[in-house]
Amino acid sequence: MSVRDFGYSVSDQRAVDLDRKMPDELERVYLQEPSLRNCIACGNCAALCSAGSFTGFQFYRLNVLVSRGLLSELAKKAEACMLCGKCQMACPRGVNIRHGIMLMAQL
Amino acid sequence: MFHPFVLPFSIGFTVMLVVLAVRYAYWLRGLSLVNRKRCLANLFSIQTLRGVSEILRESLLHLKIYKTNPVLGFMHMSLAFGWFLLIVGGKLETWYYTGDFANPIYYAIFFRYFEPVTSGFWMNGVMVFFMDFSLLLVLTGLALALAKRIRKKLVGMQNTTRHSVGNRVALTFLWLIFPLRLMAESATAGQHGGGGFLTASFGEWLFSGTWAASFEVPLWWAYSFSLGLFFLALPFSRYLHIPTEMVLILLKQWDIKQETGFRPQKGLQAFEVHACSSCGVCLDACPGINLAHDAFQASYFVKAVRENREVQSLATSCLNCGACNSACPVGIHLEGLRLDCRSQIFEQSQFNHSYLPVPMVLWRETTEVILYTGCMGRMQPKTSIAFKALLTEAGISFVHIDEKAGVCCGRPLALAGAKDQAVKMMTYNRDLINGHNGKVLVTTCPICYRYFSEEYQLDIPVQHHSQFLWELMNKGLLKREMQTLKLAYHDPCDLGRGSGCYEPPRNVLSAIGQLVANQKERDKALCCGNNLGSLSLTETTRQQITAKTVEVLTQNKPDYIVTACPLCKPTLSKQSRVPVKDLAELLLLTKHHAKGHPVSAQQYQKILDS
Amino acid sequence: MTQQKVAIIGAGPAGLQSAISLAEMGFLVQLFEKEKQPGGHLAHWHVLFPDRQPANEVLDALMISAMNPNISLITGAEISAIEPSGRKWQLKKAETLICEVDAVLLASGFKLFDAAQKEEYGYGIYPAVVTSSELEALFMHQKPWPFNENLESPKIGLVHCVGSRDAKCGNLYCSKVCCVTAVKQAIELKKTFPAAQVYSFYMDMRMFGLGYEELYHQAQMEYRVQFIRGRLSEASPADGQRIQVKAEDTLMGRPLKLTLDMLVLMVGMTPSVVLGNGSASVELKKPMFADGFVKMPGQALDDSRLQKPGLFVAGACKGPVTLPDVVKDAKATALDICNYLTEVL
């Protein structure tokens, strides 16, 4: 059966497919650090990030990747972190960012 | 001289010796080559004698526990030292009596059964008294231990370790040994005469009737069984700590170095985890006791490691504040053990800081102080402003090398178990520091201070700003008058316990006001709750810890809580009604406010203007 | 029949309005205010959202209505405890008995978050950093602007959620009014300095009330206020008295820096009082970290009665609320009190 042409299409490469199951590795990250679910992506962590003044490192963006199940895009992105903990001191949602990073850096 | 009842003891004792020998040999083989060489080199040296003397002080007399908690110390001392006296006394007694030193071990243990009535000159009387006295000592300890089970507060403990069933069985055998010995010896004394002030009178009172004759041998059997079963259980229960602690003391005296990696099944770490007696002294010391979801205290962590159980959350929750470490009477390197465990947990976690450039230093400026405020310092501008104003007041030149941006010192990574991965960051900072021609590196952050001093091996001395400020006051470069201020000082973990810097901040504060004491100071200080050592403690638990710490600090109604750490200060100030200041801030404020009135925030305006 | 007496603690909008309503119903009202002047925070506000009605207009209207022979206003009186005595309640200041009444209404309002707690924002360090409440005073010319007023186009930033929605400060709740206040203040700033560049740093824009979204719209279209989604991280000194702020532009996914002539911190509402649950008496205590507002036992249908008969609560001491809602709540609570007093008789 041919696919009907509606005159538009959604590019599979771009769309975040939430129908896909969450990878087990990421479920485990949440299990070990539940506070990651508490993030509201306010950006405070990135604004004062020590590594962020040298690189494009942004914790809240990594965390969005975790919550959307995008394991492959997460690869190696946590490695720039210096783990200094400034972000955690400021985080208004009390996320254990450093632990989250340690877990993400394992993936 | 033999009776079948000596068999349970003899078998148990022999099995224990064999198991211990095998286990210790395996652990010793696990030591690194360097460490094994050190053992051999120091075996016949003064170090061994020092070790023996330490064993006497710590394994028998338990002086360290005695210092922290006299009742608990006495309990351990009376049990251990009393039993030791019984063993030594027994041996001497048999030697004196038979004139032969090499008699079977069981002979000394069950001597009174074989020789109820001994005679001799005055020595005999002394010996008989001595043996009964030792037994009484042990029984006193036992009574205290029982009391501790029923009401821990009686021995001054808030928290005691919860033990597994196996350990409780071993404990029961241990506790049975001494009452049974008393009964058996009394029965013999009652039937055959002899005995000391305790056994003779007990014997007369309870066992002098003819009916009691049939009790004598069964009681000796029971005594022997309790001994045998306890010895059988010892290598497989927490009582393994008794012999292991002694070996650990020797190993430490032989200058064994911490080994890298987490290998609690062999080597030094095996001795360390098995030397823990689960005495529970670390529980009361822990700022997170009874607050966290996991009971992650050292005693439980070590137990989980020993039993090869899942330790991840126990290892990652702990604040690594070091309170357990400095309280531990056995001197187990608990902080290091945890960090090694973390490095195993996060073995796969990869970091890469190759993006760090070579720090740009335009010219090699000559200055007295190289000031480094650290990552957290940038979130506490009042501290930096105040410290710089103080340097200006004292006429000291400085360059603030991480004012706009900086690179972490590396200790936070090390605290997460990724010490090896902080190398690039350290190189960056070292280059930055060496890029200036300074006489001393001063940092306002205890975390940076500890790491710079321990790991960086810089060419110039490193000081925490409290130390530097005290030097300035000492030299008369900063003059302050005594004020009517009541000050409570909070020891930051990495400054106090971590670096042994207790006096300089106190000296500074004593020069401007009256230091008020609280119950948890210096090496016993509570963590503010935000030590970077913890990875997974929840915000709620951290805040509960902070609440407890604030409560302790405000016990004696200070006007200010003073600390010297950019983590402690904001953490405490969020919850404290008493204003919280950094040492530098307070020192600056006392310049402007001679009478010690509460200071308005506008004060900083003047500082900036000047 | 003697007139029944009601004591009201706090003479802000909630206290004043409920006093007026109760007095009109014929009850004798004793209105206690710990400050020297009545009016609460309203007395220090310039104009109100969303219609920019002058605050003094509203307060004056309330004060005129409160000139009722049934109301006696006692200022400079801080009540520390309320104690039952039979069916009546006694108000106490320390140990001294102040008065005995048939019902008590707690209307002690809110306290502004202490912005100095967020040291990284530089409040109390840099003069260019002010709170939203201080900005109202600036609008009323009660103090000089922290920058040269002749500047052609001053750059001003407003930071939302200072002390609200912040677990670190112990306040997880949203203070509700700051978003729309920021929009209103941004517009006011543009009216005062037409060439000013105004930036608003928000986490979420919560424009829940009628007319609020329109105000937001107006701020964007008419006044060209720039809204940036990202929480400010730190403020540091720049040239002169200016300050540089760093934030993450989360929509861009890039960090952002900006030099400002003034930074306004939208300070949240925090509880002014907690009720100590003593034996029979109710102590009015200073709140501790994360204590929260006065907790009401009632559900949706009963939001003014505490579990102790004769004790009522109205206004912002129950949680963040807008002024119109405070007035409505005060009127409704007055009716509840009236019903209670009629039942008692």
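Because only heavy atoms are used, hydrogens play no part in the values below, and waters and symmetry mates are left out as well, while side chains stay in. Below, chains carry the letters A, B, ... as their sequence lines are ordered, and counting in each starts from 1.
The heavy-atom pair separating Ala182(C) from Leu158(C) by the smallest distance is O-CD1, 4.1 Å. Residues Gly94(A) and Ala167(C) come closest through the heavy atom pair N-CB, 4.1 Å.
At least one side-chain heavy atom of Leu256(C) sits under 4.5 Å from a side-chain heavy atom of Phe201(C). A heavy-atom distance below 4.5 Å is not found between the side chains of Cys174(C) and Pro320(C). The side-chain heavy atoms of Phe293(C) and Val273(C), taken from C-beta on, include no pair separated by under 4.5 Å.
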Atom pairs (donor, acceptor) spanning chain A and chain C, under 3.5 Å:
unit_1	atom_1	unit_2	atom_2	d
Ile40(A)	O	Arg229(C)	NH2	3.0
Ala41(A)	O	Arg229(C)	NH1	2.6
Ala41(A)	O	Arg229(C)	NH2	3.4
Cys42(A)	O	Arg231(C)	N	2.9
Gln58(A)	NE2	Glu248(C)	OE2	2.7
Gln58(A)	NE2	Gly253(C)	O	2.2
Tyr60(A)	OH	Glu248(C)	OE2	2.7
Arg61(A)	NH2	Thr250(C)	O	3.0
Lys86(A)	NZ	Glu234(C)	OE1	3.3
Gln88(A)	O	Lys168(C)	NZ	2.5
Cys91(A)	O	Lys168(C)	NZ	3.0
Pro92(A)	O	Ala167(C)	N	2.6

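With sequence neighbours excluded, the residues forming a salt bridge (Lys or Arg N to Asp or Glu O under 4.0 Å) with Asp24(A) are Lys21(A), listed by chain and number.
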Evaluate the side chain to side chain contact (heavy atoms under 4.5 Å, CB included) criterion for residues Leu65(A) and Leu26(A): first the C-alpha distance (whole Å), next the side-chain angles of each, then the deciding distance (0.1 Å), finally the verdict. CA-CA 10 Å; Leu65(A) 294 179; Leu26(A) 297 182; over 6 Å; no

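Contact annotation for Cys87(A): neither backbone nor side-chain heavy atoms come within less than 4.5 Å of a heavy atom of chain C. Only the backbone of Leu251(C) comes within contact range of chain A, judged by heavy atoms closer than 4.5 Å.
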